[in-house]
Structure formats: structure tokens, C-alpha cells
Amino acid sequence: MRERFWERVPMARMTPEEWEALCDGCGKCCLNKLEDEETGEVALTRVACRLLDDETCRCGQYAIRKTLVPECIRLTPETMGDVAYFMPRTCAYRLLHEGKPLFWWHPLVSGDPETVHTAGVSVRGLSVPEFEVPEEEWEDYIIEEPGT
């Protein structure tokens, strides 16, 4: 990967490896969200996609996730304009889309994939699997976004 590519390479010109490296491994994008249809406000819940590994904060079936969970969002530079508003506020994809810098704990900045967890930004140990909570009860699981 190019040195500090995220600071100088437009998202649309990143290599696939660079694009994937933007993911900080927090797991927040895999938490189910509730959107208020009137205000557009998005609330984060502790209810995680069934594919989220709560320990690693990564998708347990990343390569085939769209087959298993068709509604899973595939982030691309082209889709960012449509989906950035409901991505986590600390998400590197959202930050770069909005012209903001990455946080100190991001593995690309810190050089350590554990800093996202030690900084308290990830969902490690926080989530509950979606198959354990009926959708009509998700409102009871609304949380503030970790690390903000």
C-alpha cells in the first residue's frame, strides 16, 4: 500500500487493498440501526448482524456476506453518498467521504489493530446477536455510539 494513502489518494483511486484497509475493525457498521422516517435520525442498537464475531468485531463470513445477508451494504466510493449518513460517526469511510482525518486509534495511524479496542471505540463484548432479540424489541437496545 502507498504510504499514508488515505491522506492524499481520492477514495475512487484507492486500490482494493487500500480500500479494505480503511476498515478500522470496530464492528459498529454491523450493528442494526433504527431510522426515524420523519426526521431521518439514525439510532444505533446493540443488536448485531448474525454474522458479526463479537470478539474480533469482524464479519464471520465476509467473502459471502451478501449471499447470506442480502441487505448487507457493500461500501464503494460510488455508494458512499447514499450510505454515509448511517455509517458510524467514527468510520474511516465516512470520515474521508466528509473530508475529515482519521482518529489516532485507527490502525492505519497507530500501526496497531488493537488500538480501536483499547480506545473503547469498538463493539467488542457489547453486542447481542439479532436472532436473540425480536425486531420489535430493538428499540430497547438503542445505545450511544462507542467512542464518540
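Counting heavy atoms from C-beta outward, Tyr85 and Glu35 have side chains that approach closer than 4.5 Å. A heavy-atom distance below 4.5 Å is found between the side chains of Cys23 and Arg58.
Closest of all the heavy-atom pairs between Lys66 and Cys72 is NZ-O, 2.7 Å. Pro146 and Gly120 make their closest contact through CB-O, 3.6 Å (heavy atoms, listed as atom of the first residue, atom of the second, distance). Residues Ala21 and Leu108 share a closest heavy-atom pair of O-CD1, 3.5 Å. When every heavy atom of Ser127 is checked against every heavy atom of Asp54, the shortest pair comes out as OG-OD1, 2.6 Å. Considering all non-hydrogen atoms of both residues, Ser122 and Gly25 come closest at CB-O, 4.5 Å.
Trp138 and Phe86 fall into different hydrophobic clusters, where Ile, Leu, Val, Met, Phe, Trp and Tyr are joined by side-chain heavy atoms under 4.5 Å apart, directly or via other members. Residue Leu95 is grouped with residue Val121 when hydrophobic side chains (ILVMFWY) are merged at heavy-atom distances under 4.5 angstrom, including chains of intermediate members.
Atom-to-atom distance recorded for Cys29:SG and Leu52:CG is 8.5 Å, nearest 0.5 angstrom. Separation of atoms CD1 (Ile143) and CG (Leu126) is listed at 4.5 Å; rounding is to 0.5 Å. Summarising the geometry, atom CH2 belonging to Trp19 is positioned 14.5 Å from atom CE belonging to Met1; distances are rounded to the nearest 0.5 Å. Interatomic distance, CZ of Arg124 versus SG of Cys26, reported as 12.0 Å (0.5 Å rounding). For the atom pair Cys59 SG and Asp53 CG, the distance stands at 9.5 Å (nearest 0.5 Å). Note that SG of Cys91 is 9.5 Å distant from CG of Leu102, once rounded to the nearest 0.5 Å.
The side-chain hydrogen bond (donor to acceptor under 3.5 Å, both in side chains) search around Glu78 returns Thr76, not counting sequence neighbours. Every side chain to side chain contact (heavy atoms under 4.5 Å, CB included) that Ile142 has, sequence neighbours left out, goes to Leu34, Ala43, Thr45, Glu139. Partners of Pro129 by side chain to side chain contact (heavy atoms under 4.5 Å, CB included), not counting sequence neighbours, listed by chain and number: Phe131, Glu132. Residues meeting the ring-ring contact (aromatic ring centres under 6.0 Å, His included) test with Tyr141, sequence neighbours left out: none. Shown here are the side-chain hydrogen bond (donor to acceptor under 3.5 Å, both in side chains) partners of Glu7, two or more places apart in sequence or in another chain: Arg4. Remark: Arg46 engages no residue in a side-chain hydrogen bond (donor to acceptor under 3.5 Å, both in side chains) (not counting sequence neighbours). Residues forming a side-chain hydrogen bond (donor to acceptor under 3.5 Å, both in side chains) with Gln61 (at least two apart in sequence, or on another chain): none. Under the salt bridge (Lys or Arg N to Asp or Glu O under 4.0 Å) criterion, Glu137 pairs with no residue at all, not counting sequence neighbours.
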List the steps, then state whether side-chain contact (heavy atoms from CB on, under 4.5 Å) holds for Lys33 with Met87. CA-CA 10 Å; Lys33 296 149 194 75; Met87 294 302 294; 6.0 Å; no
Which is it for Arg2 and Thr15 under the side-chain contact (heavy atoms from CB on, under 4.5 Å) test, yes or no, and what are the steps along the way? CA-CA 9 Å; Arg2 294 170 279 190; Thr15 66; 4.1 Å; yes
When you look at Asp24 and Thr115, which way does the side-chain contact (heavy atoms from CB on, under 4.5 Å) test go after all the steps? CA-CA 9 Å; Asp24 59 29; Thr115 53; over 6 Å; no
Go through the steps for Phe103 and Val109 under the test side-chain contact (heavy atoms from CB on, under 4.5 Å), then give the verdict. CA-CA 7 Å; Phe103 290 98; Val109 177; over 6 Å; no
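Judged by distance alone, the side chain of His106 and the main-chain N or O of Leu22 form a donor-acceptor pair under 3.5 Å. Under the 3.5 Å distance criterion, the side-chain polar atoms of Asp36 are left unmatched by any main-chain donor or acceptor of Glu41.
The 12-atom threshold is exceeded at CD of Glu71, counting heavy atoms of other residues, nucleotides or ligands nearer than 6.0 Å. For CZ of Arg74, the number of neighbouring non-hydrogen atoms (other residues, nucleotides, ligands) closer than 6.0 Å is 12 at most. Residue Glu136 places its CD atom among more than 12 non-hydrogen atoms of other residues, nucleotides or ligands, all under 6.0 Å distant. The number of heavy atoms from other shown groups lying within 6.0 Å of CZ (Arg13) does not exceed 12.
Members clustered with Ile64: Leu51, Leu68, Val69, by chain and number, using a 4.5 Å side-chain heavy-atom cutoff among hydrophobic residues. Hydrophobic cluster membership of Tyr62, counting Ile, Leu, Val, Met, Phe, Trp and Tyr whose side-chain heavy atoms lie under 4.5 Å apart directly or via other members: none, as it forms a cluster of its own.
Judged as a side chain to side chain donor-acceptor pair (under 3.5 Å), the pairs with a partner in residues 89-105 (not counting sequence neighbours) are, in order, Lys28-Thr90, Arg89-Thr148, Thr90-Glu145, Arg94-Glu98, Glu98-Lys100. Residue pairs meeting the ring pair (Phe, Tyr, Trp, His ring centres under 6.0 Å) criterion with at least one partner in residues 20-46, sequence neighbours excluded, do not occur; the list is empty.
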